[in-house]
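By convention in this document, chain letters (A, B, ...) are assigned in the order of the sequence lines, proteins followed by strands, and residues within each chain are numbered from 1.
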Amino acid sequence: MDKLNAEQREAVETINGPLLILAGAGSGKTRVITYRIAYLIERAGVPPWQILAMTFTNKAAGEMKARVEAMLPPGRLTSAPLISTFHSLCVRILRRDIERLQAGYTRNFTIYDTDDQARVVRGIMKDFGIDDKTVTARSALSAISWAKNRSISPASYANQAEFANDRTEKIAQIYKVYEARLQQSNALDFDDLLIKAVVLLRQVEAVRSYYHERYRHVLIDEFQDTNGIQYELARLIAVGSAKVERANTEGESFWQNRSLCVVGDLDQSIYAFRGSDYNIILNFQHDFTGTKIIKLEQNYRSTQTILEAANKVIAKNTQRFPKNLFTEVGQGEKIRYYQSYDGEGEASFVAEKIQEHLRRDPKIRCAVLYRTNSQSRLFEESLRRRSIAYNIVGGFSFYERAEVKDTIAYLKLALNPNDDVALGRSINTPPRGIGKTTLDTLARHQKDLDISLWETLGVAVENRSLGPRATTALDSFRQIILALGEKAAGNEPLAELVKAATLDTGYVKWLQEDKTEESETRLFNIEELVTAAVEAEEHGETLRDFIDHAALASDTDQYKEDARVTLMTVHAAKGLEFPVVFIVGVEEGLFPHSRTFQSEEELEEERRLCYVAITRAQHYLYITHAMKRRTWGEELPAEPSRFLNEIPLELLQDMSFGPSWLGFAARPETQHNRQAASALRGDQLSSPVKKTTNYSGKTYNSADSVRDFFKRRTDESGAGGQGPGAGPKDSGSRSLSGKAKTDSRHTAPDTGFRVGARVKHAKYGTGVVLRSEGAGDDAKLTVSFPGYGLKKFVAKFAALEKI
DNA sequence: ACCATGGTAATTTTT
DNA sequence: TTACCATGGT
């Protein structure tokens with residue numbers, strides 16, 4: 001098909017040495033990688049099995065695999081290059097050699113997903129009676145993950161934490177027990193997969209050199225998203241040295257028939273929240289002297305208009321290296337902007353436009369991109385109402401469904417009965433008379449004996465220490481697992497094993513007897529699982545492979561390339577492109593998300609996320625936001641995102657019904673403006689908004705936000721480039737949680753406590769006003785106090801002091 | 001031991 | 001608003 005441009009060609013044909021490819025959005029990155037792999041095999045005579053390509057998602061790996069296979073003549077691949085995610089590569093490494101770590105793990109280890117982890121942590125918190133608001137299972141887990149990825153041990157965690165306090169101490173305690181329980185269960189969580197693999201490669205020379213000798217050409221996709229551990233893994237394989245200091249790769253012969261090729265784009269780094277570090281890409285050329293750097297700056301995807309909008313937005317970031325992404329695709333259509341009254345209105349606008357596009361071109365592919373998964377629902381409903389088929393990525397995946405997880409739990413037990421989480425899950429599902437009392441007693445015994453739950457169970461049954469009824473029940477469960485284990489150890493085909501896990505366990509029978517609509521779907525899902533097993537069996541997968549696959553399968557894997565309409569988060573859309581893109585919910589607090597407001601770095605990450613969203617579009621880009629939105633069952637006013645301000649007005653076309661924020665901003669001499677200008681002076685504001693019920697929240701056109709908006713726009717378009725931190729901190733008047741004050745018409749100007757203000761309370765100390773309902777002294781305030789949580793006050797009664 | 005009810009927490013983003 | 005958990009009744 002297509003020829004490569006000069007830079008792409010160079011990237012493909014540079015066979016040896018360290019190579020850094022800075023590939024802008026839509027610059028043909030995937031093409032370069034696949035061509036490179038094909039070139040290595042076809043032209044450079046590299047045996048395919050010497051090539052290792054690492055990606056972050058199964059989706060990316062799968063796509064790359066398919067494209068490489070398509071490029072090579074059929075039958076050419078006697079052995080395939082290994083194209084794998086970091087995590088599945090680590091599983092491979094560990095399944096082979098984890099026992100050489102001599103850390104108590106066996107190659108039958110189980111993988112714990114987020115849900116399994118949460119169960120472990122909840123169990124620990126229960127055991128230790130930790131039940132306060134400051135530590136939730138989720139927050140503990142993210143703290144644990146944070147520590148693990150920085151090699152901070154449980155012992156040093158409490159001290160490491162910047163301010164050791166009650167909370168960090170509790171987390172340290174949970175962390176310690178968590179690690180012990182995982183080990184007792186012969187289980188590894190997602191972090192462990194990477195960490196243990198790195199430790200193994202570091203410690204065991206034989207293992208390291210095996211991979212170093214084998215994989216002479218290593219590629220890493222989306223390199224800007226690598227974290228320290230992943231980088232270390234790649235380095236250990238590519239360099240073959242466990243030395244902490246920089247390894248000597250400068251010798252004459254080191255890069256002979258050897259390469260390390262990393263591809264990334266700093267502006268698309270959107271995973272810092274889970275430990276990725278773009279300093280890694282910045283330091284790459286220093287870590288590897290002699291690195292050849294190739295920049296791909298021609299975009300083949302988007303129109304001029306779309307690219308310009310993206311470039312303008314990302315230019316507001318301070319932490320970046322300017323680059324010049326250009327396109328020859330042509331100007332294209334303007335970006336279509338729509339302001340809706342509420343979330344429902346936004347969704348129906350989007351559905352309507354999708355319908356129009358599909359009517360004109362039934363083959364066109366549309367994407368609806370949102371910041372958070374919870375936004376999907378409205379769009380699902382509006383699309384369904386119009387009978388438009390859609391594909392949704394994220395939310396609950398197939399493997400997260402209870403019945404699927406239950407079945408998998410049985411299979412996991414068959415291979416590793418010490419898996420406490422799987423055992424806890426299946427022991428009384430279906431109900432077999434093993435209740436809370438029995439389980440509590442078992443847990444007590446387990447604590448005393450310090451062995452796994454399964455072993456405890458064995459002891460209890462043999463000693464008859466639990467009363468005849470419970471003993472019988474436990475023993476029959478034990479026999480089920482033992483029988484399943486024997487089957488798994490025998491030569492039983494995969495599909496038969498999966499069937500056994502649903503039949504021999506009484507699971508299917510239980511569902512069949514239930515006869516509700518829900519149990520029908522559950523049965524159906526189990527059938528699906530068996531079908532999946534049949535297919536996997538045809539591909540030569542073992543039970544082990546099948547279970548690992550289920551553990552590592554992710555939401556984004558649900559993406560179907562040929563779907564006409566796809567709904568997904570912006571994160572999930574990374575690496576994809578669509579002729580028509582809708583970026584929805586472009587509102588303060590949502591996109592950028594309110595959780596990022598405190599930190600400049602996180603805000604810049606949100607902006608990169610916005611950049612990723614815009615650059616997914618090829619021809620048509622829609623950007624929408626609503627004036628109010630329902631969150632947790634409550635209607636809240638919303639204001640347009642700061643990112644909208646960063647797109648030049650002349651690139652936007654307003655499709656809103658009636659006046660909108662954009663119309664107001666764009667035409668300074670219109671009636672709106674005069675009205676708004678009078679509002680700024682404190683006059684009565686006659687609303688230019690569509691007359692709507694008795695809604696009285698803060699909207700884009702209430703005096704406050706108009707002023708904010710004007711200020712921000714002028715601040716930033718002035719001498720420019722200082723980013724959102726420039727000028728007076730305006731976050732004071734902006735709602736932290738998307739909540740806001742009452743419309744200015746009813747509010748005395750600024751006497752009360754503003755959202756975002758810091759206040760002092762005699763008992764609770766310093767806090768931040770999260771929400772303010774009503775006006776002046778009567779306002780009801782919601783204030784967040786560290787360590788005490790949310791407290792509600794009526795302004796005039798509360799002993800609150802402004803600081 | 002199982003089921004129903006009510007209270008409360010939850011929504012960033014992912015392997 | 002929904003979904004999950006904990007509690008209490010049967």
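- Counting to the nearest Å, the C1' atom of B:dT15 and the CG atom of A:L188 are 14 Å from each other.
- Checking B:dT14, B:dT11, B:dT15 against the side-chain heavy atoms of A:T114 singles out B:dT15 as nearest.
- Taking atom C1' in both B:dT11 and C:dA6, one finds a spacing of 23 Å when rounded to whole Å.
- Residue A:F56 is classed as a sugar-phosphate contact, given heavy-atom separations below 4.0 Å to backbone atoms only.
- Taking only side-chain nitrogens and oxygens, A:T631 never comes nearer than 4.0 Å to OP1 or OP2 of C:dT1.
- Residue contacts for A:T438: at a heavy-atom cut-off of 4.0 Å it reaches the sugar-phosphate backbone alone, with no base atom in range.
- Residue contacts for A:F86: at a heavy-atom cut-off of 4.0 Å it reaches no nucleic acid atom on any strand shown.
- Rounded to whole angstrom, the span from the CG atom of A:L609 across to the C1' atom of B:dT13 amounts to 7 Å.
- Of the listed residues (A:E635, A:E344, A:E587, A:E588), just one forms a salt bridge (Lys or Arg N to Asp or Glu O under 4.0 Å) with A:R629, and that residue is A:E587.
- A:R377 comes within 4.0 angstrom of the backbone, heavy atoms only, and of no base.
- Contact between the side-chain N/O atoms of A:N428 and the OP1/OP2 oxygens of B:dC2 is found at a separation under 4.0 Å.
- Side-chain polar atoms of A:Y178 and A:D189 form a donor-acceptor pair below 3.5 angstrom.
- A:R138 has its CZ atom 8 Å from the C1' atom of B:dT12, to the nearest Å.
- Atom C1' of nucleotide C:dC5 and atom CE of A:M125 are separated by 13 Å, given to the nearest angstrom.
- Among the protein residues, A:R122 comes within range of the sugar-phosphate backbone only, with heavy atoms under 4.0 Å from sugar or phosphate atoms but none that close to a base.
- Taking side-chain N and O atoms only, A:S594 has no distance below 4.0 Å to OP1 or OP2 of B:dT12.
- Across the protein-nucleic acid pair, A:Q230 atom CD and B:dT15 atom P stand 12 Å apart, rounded to whole Å.
- The side chain to side chain contact (heavy atoms under 4.5 Å, CB included) search around A:K405 returns A:D113, A:D115, A:D116, A:R425, not counting sequence neighbours.
- Using a 4.0 Å heavy-atom criterion, one finds that A:T372 contacts the sugar-phosphate atoms exclusively.
- Every residue meeting the side-chain hydrogen bond (donor to acceptor under 3.5 Å, both in side chains) condition with A:S374, not counting sequence neighbours, appears here in chain and number order: A:T372.
- In this structure, A:H593 atom NE2 and B:dT13 atom P are separated by 8 Å, rounded to whole Å.
- When distances are taken from the side chain of A:A572 to each of B:dT14, B:dT15, B:dT12, the shortest belongs to B:dT14.
- Across all strands shown, A:T437 has heavy atoms under 4.0 Å from sugar-phosphate atoms exclusively, and none from any base.
- Per the geometry, CD1 belonging to A:I434 stands 9 Å off P belonging to B:dA1, to the nearest Å.
- The gap from the C1' atom of C:dC5 to that of B:dT12 amounts to 23 Å, rounded to the nearest Å.
- Between A:R469 and A:F273, the residue whose closest nucleotide on DNA chain B is further toward the 5' end is A:R469.
- Contact between the side-chain N/O atoms of A:N373 and the OP1/OP2 oxygens of B:dT12 is not found at any separation under 4.0 Å.
- Rounded to a whole Å, the CG atom of A:D115 is 9 Å from the P atom of C:dC5.
- Out of B:dT12, B:dT15, C:dT1, the shortest distance to the side chain of A:F190 is found at B:dT15.
- Each of B:dT15, B:dT12, B:dT14 was ranked by its minimum atom distance to the side chain of A:E602; first place goes to B:dT12.
- Among the nucleotides B:dT15, B:dC2, B:dT13, the one closest to the side chain of A:P431 is B:dC2.
- In this structure, A:R95 places its CZ atom where more than 12 heavy-atom neighbours from other residues, nucleotides or ligands lie under 6.0 Å away.
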Would A:S426 and A:T505 satisfy side-chain contact (heavy atoms from CB on, under 4.5 Å), going step by step from the backbone distance to the final call?
CA-CA 9 Å; A:S426 38; A:T505 55; over 6 Å; no
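- Below the 3.5 angstrom threshold, one finds no donor paired with an acceptor across the side chain of A:R630 and the base of C:dT1.
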Pair A:T55, A:D221 - check side chain to side chain donor-acceptor pair (under 3.5 Å), show working.
CA-CA 5 Å; A:T55 66; A:D221 191 18; over 6 Å; no
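- For A:R595 and B:dT11, a side-chain-to-base donor-acceptor distance below 3.5 Å is absent, hydrogens and geometry of angles not being considered.
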